[in-house]
Amino acid sequence: MDQLNWQKSSFSGTKTNCLEIASDGARVYLRESDDPTTIVTTTRAKLNALLTAAKAGEFDHLTA
């Protein structure tokens, strides 16, 4: 995992508390830039399903 190319959104600018993402082809890795030792591992399909659901508002009830 040391060889991963971690990326963050260009919208983050110079902020240090951003979500970073990397991939090794089969798996996708997510971490907080201010706590890089904690890494969530998933697949492209599962991450796509999560993002699609979030964009569709399926989790909006959790913020009420």
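Under the rule for a salt bridge (Lys or Arg N to Asp or Glu O under 4.0 Å), R44 has no partner lying at least two apart in sequence or in another chain. Annotation: side chain to side chain contact (heavy atoms under 4.5 Å, CB included) contacts of D60 (sequence neighbours excluded): none.
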| said: side-chain contact (heavy atoms from CB on, under 4.5 Å) for T63 and H61? Distances and angles first, verdict last. | reply: CA-CA 5 Å; T63 62; H61 68 284; over 6 Å; no
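Within the 4.5 Å cutoff, the side chain of T42 has no heavy atoms near those of the Y29 side chain. Looking at heavy atoms from C-beta onward, T41 lies out of side-chain contact with V28 at the 4.5 angstrom threshold.
Within the structure, side chain to side chain donor-acceptor pair (under 3.5 Å) contacts touching residues 30-39 (residues at least two apart or in different chains) are E20-R31, D35-T37, D35-T38.
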Tell me which donor-acceptor pairs under 3.5 Å the side chains of residues 46-57 have, and how far apart each pair is, sequence neighbours excluded?
{"unit_1": "T52", "atom_1": "OG1", "unit_2": "N48", "atom_2": "O", "d": "2.8"}

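Under the 4.5 Å side-chain contact rule for hydrophobic residues, L4 and L30 do not share a cluster.
To the nearest 0.5 angstrom, C18 atom SG is 13.5 Å from Q7 atom CD.
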